[in-house]
Amino acid sequence: MSKPFVYITRKLPESVIEAFESVFKIEMWPEEEVPVERGVLLEKVQHADALITMLSDQVNHEIFEKQTNLKVVANLAVGYDNIDLNAAKEAGVVVTNTPDVLTDTTADLTFGLLLATARRLMEAERYVKNNSWENWAPLLMAGQDVHHKTIGIVGMGRIGETVAKRATGFEMEILYHNRSRKREAEEKIGATYVGFEELLKRSDFVVCLAPLTEETKGMFNKEAFERMKSRAIFINASRGALVDEEALYDAIHQNVIAGAGLDVFKNEPISADHPLLTLEQVVATPHIGSASEETRKTMMTLCLDNIQHVLNGKEAKTPVGAG
Ligand code: NAP
């Protein structure tokens, strides 16, 4: 019997793939940094038993209509807003993601962004490298304290709770907002549940870690920024579309809030002329929340494990939604 065909939409390291080559016929898009051409993906899906997809691939009706034997789509991310779960369900295709294995790594990056923005680390580094540092001065590159301040986490899930744990080390007051209360986190970490508006009003750092859904799209808009403190810093490590970027630009530009640390943007990748990048008070990273070598390799292996489970007729290890 021929081996099941797995198509991967980006070049992944041979060291991860090789363990599965005896059981699958694996083909990859040959580029690491350039996304798969749509036409190629539409052709490959016609023969594929399984796909490994990236968050930059739109896996929608067009893809599911072309498949003939597809059983599983393994998304190399915990977020799955790039996948049409209803279309997958209609096609009888299981969708999987990579929860838990990236939680600590993404929490580290999120807290790093918070520190970098509050303490103006990138601006300070540019200053030194540009040869601008001529004298010590009492308020040179003076930023804001993080310790003992109030952090407000919107989306207190796996990553949110892990960011909150980091915040306890800085002796911060922790507020959070979800649709539902997490009493366990309240007891373990001493976090306080508040409404969205109260969180915006009371937090020195507002951290967005809720998933992108119809409900959360654009929730950080002009009104939300206006409710924040004028010294507040906004951190987004979730998905760019939760934020009205024009409103965020105006809020920082007009000193309605103090700054932002952003790992994600509405239309990625962004170019250097993106208005938010013209603001000194914005620290930007290229969607690298889970990007440690160890974690990315673990995520890749989890995708392949999920595929193996489904193709062997077992329950996926980490299935999502209605798939
Ligand atoms: P998770 O455990 O599912 O947590 C998401 C949290 O958001 C839940 O606690 C959920 O609580 C809350 N939530 C959902 N809808 C909400 C709403 N309308 N208003 C307020 N809260 C809401 O997910 P996770 O593993 O922590 O990941 C969170 C997100 O981070 C992912 O969806 C992904 O977009 C993003 N992410 C980004 C990177 C990166 O590279 N930057 C890496 C990993 C993940 P309720 O259900 O009670 O509302």
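When a ligand or atom number is given, it counts from 1 through the structure's own listing order. All heavy atoms count here, side chains included; hydrogens, waters and symmetry mates do not.
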Which atoms of ligand 1 sit under 4.0 Å from any heavy atom of Ala237? 35 (C), 36 (N), 37 (C), 38 (C), 39 (C), 41 (N)

Closest approach of any protein heavy atom to atom 29 (C) of ligand 1, naming residue and atom: Leu209 O, 3.8 Å

Going by the closest heavy atom to atom 15 (N) of ligand 1, which one wins out of Met156, Arg181, Arg179, Met299? Arg179

Which ligand 1 atoms does His287 reach within 4.0 Å, using its non-hydrogen atoms? 39 (C), 40 (O), 41 (N)

Please confirm whether the backbone N or O of Arg181 pairs with a side-chain atom of Asn178, one donor and one acceptor, at under 3.5 Å? no

Of all the atoms in ligand 1, which lie at a distance below 4.0 Å from a heavy atom belonging to Ser290? 40 (O)

Ion pair check, Arg166 and Asp104, cut-off under 4.0 Å: yes

Taking Asp204 first and then Lys229, would you say they form a salt bridge - that is, a charged N and a carboxylate O separated by under 4.0 Å? yes

Among all protein heavy atoms, pick out the one at the shortest distance from atom 21 (N) of ligand 1; state its residue, atom name and that distance to 0.1 Å. Asn178 CA, 3.5 Å

Taking ring-ring contact (aromatic ring centres under 6.0 Å, His included) as the cut-off, I'd like each qualifying pair that reaches into residues 61-97, sequence neighbours left out, listed once. none

Here the atoms of ligand 1 under 4.0 Å from any heavy atom belonging to Pro211 are 5 (C), 7 (O), 13 (N), 14 (C), 32 (O)

Please name all residues satisfying side-chain contact (heavy atoms from CB on, under 4.5 Å) with Glu197, sequence neighbours left out, ordered by chain then number. Arg227

Selected option - heavy-atom contact closest to atom 4 (O) of ligand 1, from Ser238, Gly240, Gly157, Ala241: Gly157

Which ligand 1 atoms does Asp263 reach within 4.0 Å, using its non-hydrogen atoms? 39 (C), 40 (O), 41 (N)

Which residue holds the protein heavy atom closest to atom 2 (O) of ligand 1, what is that atom called, and what is the gap in Å? Arg158 N, 2.9 Å

Tell me, please, whether Phe24 has Lys3 positioned over its six-membered ring: NZ or CZ under 6.0 Å from the ring centre and within 45 degrees of its axis? no

Minimum non-hydrogen distance to atom 42 (C) of ligand 1, winning option of Thr106, Val101, Val78: Thr106

Atom 33 (C) of ligand 1: nearest protein contact (heavy atom, Å): Arg239 NH1, 3.7 Å

Would you say that Leu242 contacts Val154 through its side chain, given a criterion of any heavy-atom pair below 4.5 Å between the two side chains? no

Does the side chain of Ser271 come under 3.5 Å of the side chain of Asp273 through a donor N or O and an acceptor N or O? yes

Nearest non-hydrogen protein atom, atom 22 (C) of ligand 1: Ala210 CB, 4.0 Å

Considering the options Asn82, Thr96, Asn97, Asp57, which one meets the side-chain hydrogen bond (donor to acceptor under 3.5 Å, both in side chains) requirement together with Asn75? Asn82

Does atom NZ (Lys66) have a neighbourhood of more than 12 heavy atoms from anything else shown, all under 6.0 Å? no

Quick one: which ligand 1 atoms are inside 4.0 Å of a heavy atom on Glu215? 18 (N)

Give me the nearest non-hydrogen protein atom to atom 47 (O) of ligand 1 as residue plus atom name, then the distance to 0.1 Å. Ser180 OG, 2.4 Å

Atoms in ligand 1 with a heavy atom of Thr216 nearer than 4.0 Å: 16 (C), 17 (C), 18 (N)

With hydrophobic residues grouped by side-chain heavy-atom distances under 4.5 Å, do Ile233 and Val282 end up in a single group? no

Look at atom 27 (O) of ligand 1 and say which protein heavy atom is nearest, naming residue and atom and giving the distance to 0.1 Å. Ile159 CD1, 3.4 Å

What atoms of ligand 1 come closer than 4.0 angstrom to any heavy atom of Gly289? 39 (C), 40 (O), 41 (N)

